Amino acid sequence: MLNHLISRLLSPSLRSHPSKISALRFSTTVSAAERLYNHLQGCTTNLEKELASANVNLDSTCINEVIRRCDPNQFQLGLRFFIWAGTQSSHRHSPYMYSKACDFLKIRTNPDLIKDVVGAYKKEECFVSVKTMRIVLSLCNQAKLADEALWVLRKFPEFGLCADTVAYNLVIRLFADKGDLSMADMLMKEMDCVGLYPDVITYTSMINGYCNAGKIDEAWKLAKEMSKHDCVLNTVTYSRILEGVCKSGDMERALELLAEMEKEDSGGLISPNAVTYTLVIQAFCEKKRIREALLVLDRMGDLGCTPNRVTASVLIQGVLENDEDVKDLSKLIDKLVKLGGVSLSECFSSATVSLIRMKRWEEAEKIFRLMLVSGIRPDGLACSHVFRELCLSERYLDCFVLYQEIEKEDVKSTMDSDIYAVLLLGLCQQGNSWEAAKLAKSMLDKKMRLKVSHVEKIIEALKKTGDEDLMSRFSTD
DNA sequence: TTAGGGTTAG
């Protein structure tokens with residue numbers, strides 16, 4: 001009976017006897033991955049050609065599996081496979097896959113891997129396209145390897161290729177983000193020499209870099225130069241400068257810039273949006289100038305710009321940090337909801353989360369319960385935070401009761417599965433078998449996957465209760 | 001090219 005529970009709660013990848021559906025999926029992907037991996041093993045040269053002959057349908061599960069098998073000492077092989085897979089027209093790596101590849105292949109701690117693979121392409125006279133190089137650069141980008149990205153950029157001619165604006169932009173952004181503005185600037189100037197033109201993205205990366213370094217004047221100088229390359233200053237770029245001004249602490253100047261953006265004669269190209277206003281609001285909140293932050297919200301509303309969740313949470317946190325008066329909070333929430341773009345649920349959930357972060361637990365619990373009695377559904381983040389707090393103070397039964405109430409409200413938000421495990425464990429430990437069984441059933445219904453360590457602990461706890469009824473509940477489900 | 005809090009999947 002317990003085995004039945006274990007096998008249902010365990011993740012399929014960790015399960016020794018997967019259920020029929022996942023077993024089917026598992027076996028097909030494993031065999032594809034196995035075939036590719038075996039091909040990789042047999043290659044001495046022309047690895048990419050060899051892989052093409054494997055004639056396998058690529059998907060992320062299969063790619064993941066192949067790379068995983070290259071651990072611990074075949075990382076170069078794994079990287080070549082990943083790059084090859086990305087060049088296939090039938091497949092495109094998602095950003096998630098790039099980060100997975102960086103983790104699995106430990107590219108951050110071993111950046112030479114990139115050079116080794118590109119070096120091998122050259123040595124083996126492999127066919128290398130712009131697409132190949134773009135994937136290599138994307139890996140550098142994911143791993144934040146500016147020097148390696150530059151090295152790759154320099155390798156383009158060796159393969160008879162010309163670096164394009166996209167490639168330059170990626171490298172420039174890496175250096176600008178790193179704070180190496182002289183290198184970023186040098187590359188931008190170099191673009192002109194090789195027949196490329198910096199575009200809005202190039203300028204935005206540079207301006208962002210200058211602003212982060214506190215060099216607002218440099219950022220402005222660049223912004224003025226944009227028209228030289230037929231680039232038009234837009235809301236995003238202008239907001240970047242405004243952000244820099246805010247960070248420098250000159251809020252009066254920031255308000256002037258905001259007014260500049262709001263002027264109609266700019267043709268709307270730099271009209272402030274929710275992000276622009278939120279940046280200014282946030283800066284005022286950080287400086288404890290909450291009244292002025294609220295004035296910016298009014299201004300936002302006057303100009304027909306709708307606040308979003310970030311605007312709301314920044315302001316709510318600001319009010320909570322600066323003011324003890326609950327009336328101010330409800331006035332703010334009322335205003336936010338009236339302006340549209342953000343719901344009562346989002347506002348109250350945000351207030352709950354802020355209060356918990358500020359360690360004002362009692363107020364957080366009050367607001368959370370108020371939401372429930374008023375029929376406002378809390379969001380997943382608020383639920384996760386409240387449940388975690390209740391579990392931390394070992395109020396498992398209270399947590400369970402709240403959980404049930406929320407389930408009744410039909411909250412479809414995703415919650416941290418670890419919290420469910422801790423709650424289930426706590427209920428078992430405190431002898432609340434009936435509640436534990438109910439929760440376990442709900443977890444099974446949700447097809448929730450738990451860590452092996454959690455399941456093991458839960459099973460141990462269940463054994464201690466020795467509750468036959470509980471056992472049968474699990475086995476009959 | 002533009003942000004941000006927890007999770008899930010890929």
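None of these values were measured; they are calculated from a predicted model. What's counted below: heavy atoms across the whole structure, side chains too, no hydrogens, waters or symmetry copies. Lettering follows sequence order; numbering is per chain, from 1.
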Round to a whole Å and report the spacing from CG of A/Leu279 to C1' of B/dG4.
12 Å

Which nucleotide sits closest to the side chain of A/Ser60: B/dT1, B/dG10, B/dA3?
B/dG10

Base, sugar-phosphate, or nothing for A/Ser94, non-hydrogen atoms under 4.0 angstrom?
nothing

Please classify the nucleic acid contact of A/Thr202 as base, sugar-phosphate, or nothing, using heavy-atom distances under 4.0 Å.
nothing

Rounded to the nearest Å, what distance is computed from the CG atom of residue A/Leu381 to the P atom of nucleotide B/dT8?
13 Å

Side chain of A/Thr237: nearest nucleotide among B/dG10, B/dA3, B/dT1?
B/dT1

Applying the side chain to side chain contact (heavy atoms under 4.5 Å, CB included) criterion to A/Ile333, which one of A/Ile316, A/Val319, A/Leu315 satisfies it?
A/Ile316

Separation between SG (A/Cys140) and CD1 (A/Ile135), nearest 0.5 Å, reads 12.5 Å

To the nearest Å, give me how far apart CZ (A/Phe387) and C1' (B/dT7) are.
14 Å

Remember a base hit wins even if backbone is also touched, and classify A/Thr235 as base, sugar-phosphate or nothing at under 4.0 Å, heavy atoms.
base

In whole angstroms, the gap separating P of B/dG10 from CZ of A/Phe104 amounts to 12 Å

Could you pick out which residue, A/Arg357 or A/Ser239, lies toward the 5' side of DNA chain B when each is mapped onto its nearest nucleotide?
A/Ser239

Atom-pair distance (NE2 on A/His229; P on B/dT1), nearest Å:
20 Å

Which of parallel (below 30°), tilted (30 to 60°) and perpendicular (above 60°) describes A/His93 and A/His91?
perpendicular

To the nearest angstrom, the CG-C1' distance between A/Leu222 and B/dT1 comes to 14 Å

Regarding the side chain of A/Tyr96, the nearest nucleotide among B/dG4, B/dG10, B/dT1 is B/dG10

Rounded to whole Å, the CG-P distance (A/Asp103 to B/dG10) equals 16 Å

Can you say whether the rings of A/His229 and A/Tyr197 are parallel (under 30°), tilted (30 to 60°) or perpendicular (over 60°)?
tilted

Which nucleotide in B/dA3, B/dT1, B/dG10 has an atom nearest any side-chain atom of A/Asn234:
B/dT1

Find the distance A/Tyr420:OH to B/dT8:P and express it as a whole number of Å.
12 Å

Which residue lies more 5' along DNA chain B, comparing A/Tyr238 with A/Pro95 via nearest heavy atoms:
A/Tyr238

Salt bridge between A/Arg388 and A/Asp418, side-chain N to carboxylate O under 4.0 Å?
no

Counting any heavy atom closer than 4.0 Å, what does A/Asn64 reach on the DNA or RNA strands: base, sugar-phosphate only, or nothing?
nothing

Please classify the nucleic acid contact of A/Arg240 as base, sugar-phosphate, or nothing, using heavy-atom distances under 4.0 Å.
sugar-phosphate

